[in-house]
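Here is how names work: the chains are called A, B, and so on, in the same order as the sequence lines, proteins then strands, and each is numbered from 1. Source: prediction; values computed, not measured.
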Number of protein chains: 2
Amino acid sequence: MNPNDLNERKLQILQAIIADFITTGEPVGSRSLSKSHDMGISPATIRNEMSDLEEMGYLTHPHTSAGRVPSDKAYRLYVDELMDTSQLDEADKQKIRTKLLESRNELDSTIEHAAQLLSDMTNLTSFVLMPRKDESKLKYINFLPVDANTVVLMIVAEDGQVMNRAIRLSSPYTEENLQLMSKVMTHNYMGKSISAVMAMDIIDSFTNDMESLSTLAADVVPSFIKTLEKMLNADLVMNGYSNIFSLPEFSGDMQKTQQFLRMLEDKNRLTDVIVNRDKGVMITIGDENSEDMKDLSLITADYRVNGELVGRLGVIGPTRMKYGKVTSVIKYISDNISQTFELRENNDVKEENNDDGSREDDG
Amino acid sequence: MNPNDLNERKLQILQAIIADFITTGEPVGSRSLSKSHDMGISPATIRNEMSDLEEMGYLTHPHTSAGRVPSDKAYRLYVDELMDTSQLDEADKQKIRTKLLESRNELDSTIEHAAQLLSDMTNLTSFVLMPRKDESKLKYINFLPVDANTVVLMIVAEDGQVMNRAIRLSSPYTEENLQLMSKVMTHNYMGKSISAVMAMDIIDSFTNDMESLSTLAADVVPSFIKTLEKMLNADLVMNGYSNIFSLPEFSGDMQKTQQFLRMLEDKNRLTDVIVNRDKGVMITIGDENSEDMKDLSLITADYRVNGELVGRLGVIGPTRMKYGKVTSVIKYISDNISQTFELRENNDVKEENNDDGSREDDG
DNA sequence: TGTTAGCACTCATGTGTTGAGAGTGCTAAC
DNA sequence: GTTAGCACTCTCAACACATGAGTGCTAACA
């Protein structure tokens with residue numbers, strides 16, 4: 001069951017099969033394999049090995065007279081042991097850095113650029129999850145007058161996030177009450193995290209506080225809670241869903257394409273899946289995923305903003321994908337986002353970035 | 001060329017063909033037509049009429065031995081003269097009202113609900129354009145301290161819109177400068193519309209103003225401009241793109257499906273198209289659209305917010321769509337949004353809504 | 001003169017057949 | 001343990017063919 005079951009030659013053959021299948025998408029036969037990869041053994045021998053590999057669960061057979069196709073288990077082995085994750089050349093890296101630096105101080109557009117880069121460079125569907133905000137601490141809460149019946153609620157967090165929402169009041173406010181409200185709420189919630197505030201019994205803590213605010217509070221509190229909810233809600237940006245049409249596994253199979261796109265359109269579900277993945281680079285292959293993604297693979301990685309707020313990005317596509325290249329791209333982009341949005345003394349963004357641990361000093 | 005060319009019977013036949021084709025998607029033949037719509041004439045007669053209609057450009061022939069298919073011109077006639085736009089029953093109306101009232105005071109979710117309703121009820125791809133903000137007048141501009149090198153720029157408009165953006169400064173600010181900056185900018189731009197401010201020479205007006213602010217201004221002004229740009233940018237919400245898979249014109253034709261989805265994925269282009277349409281309910285059919293949508297139809301309508309800010313919503317789908325039903329739905333939804341967000345003395349939202357001009361008092 | 005029945009003709013579609021090609025598994029020889 | 005040879009399997013594309021829906025035309029009819 002573990003790779004040690006496989007002798008050197010079997011590994012070599014398996015790797016060759018995976019490599020061929022990943023590039024062509026066609027089941028690979030013993031004959032064509034012996035041609036493309038000269039490994040000094042005849043097709044017949046390869047057939048024997050293939051037969052063994054199939055028995056061990058690494059290969060499957062679409063039908064008797066077809067070539068072999070790697071199983072999910074084979075991809076797992078490939079990803080864990082065989083693949084090369086340093087497949088980014090300097091041109092690719094340059095492209096990523098340039099694009100991300102274009103919008104260095106605007107998180108939103110950086111996120112969008114990242115999604116774009118990711119789908120362009122992998123030719124898959126990419127997604128980027130906005131940073132999580134559960135642990136953002138509130139700094140102050142403000143109400144701004146708009147017109148006789150409308151005010152804007154503004155919530156500012158310590159990390160600089162601001163959320164706002166217009167509120168229609170059922171009765172007119174006084175300037176005085178508005179300010180009092182701001183003060184009371186700021187006092188109550190300052191320094192607390194969003195999730196902590198959500199856990200509090202907000203309405204109660206209010207009616208106890210000040211009788212005179214009760215009518216205003218009745219209007220304001222529901223909106224306040226909804227706004228906090230919204231701040232928590234992870235926003236998912238997607239890109240390149242029409243890339244699948246260039247993949248043979250989809251372009252011949254309407255059913256499959258439809259299923260894929262319907263799955264993508266259920267954003268809540270997808271967000272859920274992505275949010276609940278492990279930290280760091282995570283690759284799940286085929287049936288390692290839930291039922292509705294059981295012939296897809298998902299690769300995700302995290303990025304940091306201000307050293308803390310954590311978002312996630314990744315791609316989704318058929319199990320036959322260029323794991324090495326894709327993983328390299330994802331890693332490089334996520335590292336780069338993190339680096340761009342790292343807290344730093346001065347405002348200069350380092351344009352150098354290494355993903356292999358070694359440091360090079362300018363060039 | 002105009003409908004008067006058509007005698008009563010031709011019109012009747014044309015309408016029957018369109019009706020049949022819209023529901024089945026199959027070319028309709030003389031024989032099956034005479035069966036489904038008993039109009040007291042034989043298939044042969046119908047054939048003669050069909051032949052005339054084809055000559056006049058209302059029908060086409062996929063191939064010799066196929067039935068007739070309505071041309072874009074026929075749909076145009078249908079939409080202008082024949083269709084019935086009061087196809088919403090009370091249950092549908094109820095559904096729309098309920099859904100939209102769920103989020104009556106939150107523009108964003110109302111917009112999303114509207115898009116959802118629209119795609120669900122029409123089984124097409126829907127879109128909603130956020131309200132245009134060109135004419136929003138600025139109320140005040142504020143800077144909020146976040147940390148030593150970061151401030152949040154906040155722009156509040158008279159209509160209650162708030163936009164904000166974190167800015168990293170190249171050198172630390174003083175509380176004093178920040179407040180001065182707020183004052184100067186508010187003084188300069190208060191009461192002006194966003195588009196008017198964009199037209200001003202912002203940098204110049206600044207350096208003239210205060211020498212001491214110049215370094216701060218250098219950091220802040222570009223972000224200010226970008227934020228204004230963002231406020232102007234119409235945001236497009238889409239829904240139901242996978243609905244096309246249930247339509248026979250797409251589900252048999254990968255090429256077409258791909259083209260459609262690629263077209264949708266170019267949001268900027270699509271936004272452009274939608275923004276530049278006429279006011280009110282607008283229907284464009286087939287080749288009335290630009291090249292890349294030449295076998296699609298587009299139906300849009302406007303909605304108002306606070307009696308002024310105007311957004312747009314609609315659907316896109318094959319020329320074979322239920323124009324009557326779809327138009328009714330779009331109209332009803334847009335009227336309902338407008339009504340929900342109308343400025344009004346009290347906060348109660350009227351739950352009654354008529355789209356046919358007559359009034360019914362709770363029945 | 002408009003309407004209709006009859007008939008020959010046209011295509012798209014579905015089905016069955018066939019052959020080529022790629023690949024396997026087995027056996028026997030090296 | 002490795003390889004050549006061979007029979008066998010299965011997919012796929014091409015082709016022929018029948019079917020059926022539909023048309024256009026002509027001639028007869030009311």
Have a look at B:Ala44 and say if it touches a base, only the backbone sugar-phosphate, or nothing, with a 4.0 Å heavy-atom cut-off.
-> base

Any donor-acceptor pair under 3.5 Å linking the side chain of B:Ser32 with the backbone of B:Val28?
-> no

Between A:Glu265 and B:Gly240, is there a donor-acceptor pair closer than 3.5 Å when you use the side chain of the first and the backbone of the second?
-> yes

Rounded distance in Å - CG (B:Asn48) to P (C:dT1) | 15 Å

From CD1 of B:Ile41 across to C1' of C:dA5 the rounded distance in Å is 15 Å

Electrostatic pair A:Lys95:A:Asp120 at N-O distance under 4.0 angstrom = no

Phosphate OP1/OP2 of C:dT24 contacted by A:Ser30 side-chain N/O (<4.0 Å) | yes

Does C:dG21 have a Watson-Crick or wobble mate here (both distances under 3.5 Å), and if so which one?
-> D:dC10

Applying side-chain contact (heavy atoms from CB on, under 4.5 Å) between B:Leu59 and each of B:Arg68, B:Glu49, B:Lys73, report the one that passes.
-> B:Arg68

Which whole-number value in Å describes the distance from B:Met50 CE to C:dT3 C1'?
-> 16 Å

Grab the NE2-P distance between A:His61 and C:dA22 for me, whole Å please.
-> 16 Å

What's the NE2-C1' distance between A:His63 and C:dG23, to the nearest Å?
-> 9 Å

Ignoring backbone atoms, test whether B:Thr64 places a side-chain nitrogen or oxygen under 4.0 Å from the OP1 or OP2 oxygen of C:dC11.
-> yes

If you check the B:Thr45 side chain, which of D:dT2, C:dG25, C:dT3 turns out closest?
-> C:dT3

Donor-acceptor pair under 3.5 Å, B:Ser65 side chain vs C:dT10 base | yes

Proximal nucleotide (of D:dT23, C:dT4, D:dG5) relative to the B:Arg47 side chain = D:dT23

Mutual orientation of the aromatic rings belonging to B:Tyr241 and A:Tyr241 [parallel < 30°, tilted 30-60°, perpendicular > 60°] | parallel

Closest listed nucleotide, where the reference is the side chain of A:Arg9 and the choices are C:dC26, D:dT2, D:dT23 = D:dT2

Please report, rounded to the nearest Å, how far the P atom of D:dG1 is from the NZ atom of A:Lys10.
-> 11 Å

If you take atom types as modelled and just measure distance, does the side chain of A:Arg31 reach the base of C:dG23 with a donor-acceptor pair under 3.5 Å?
-> no

With respect to the side chain of A:Ser32, which nucleotide from D:dT23, C:dT24, C:dG23 is positioned closest?
-> C:dG23

In whole angstrom, give the distance that lies between atom CD of B:Glu26 and atom P of C:dA12.
-> 14 Å

Partner nucleotide, any strand, of C:dA28 [Watson-Crick/G-U, under 3.5 Å] = D:dT3

Just compare D:dA4, C:dT10, D:dT23 and give me whichever is closest to any side-chain atom of A:Ser42.
-> D:dA4

Rounded to whole angstrom units, what separation is found between the CD atom of A:Glu49 and the P atom of D:dT3?
-> 10 Å

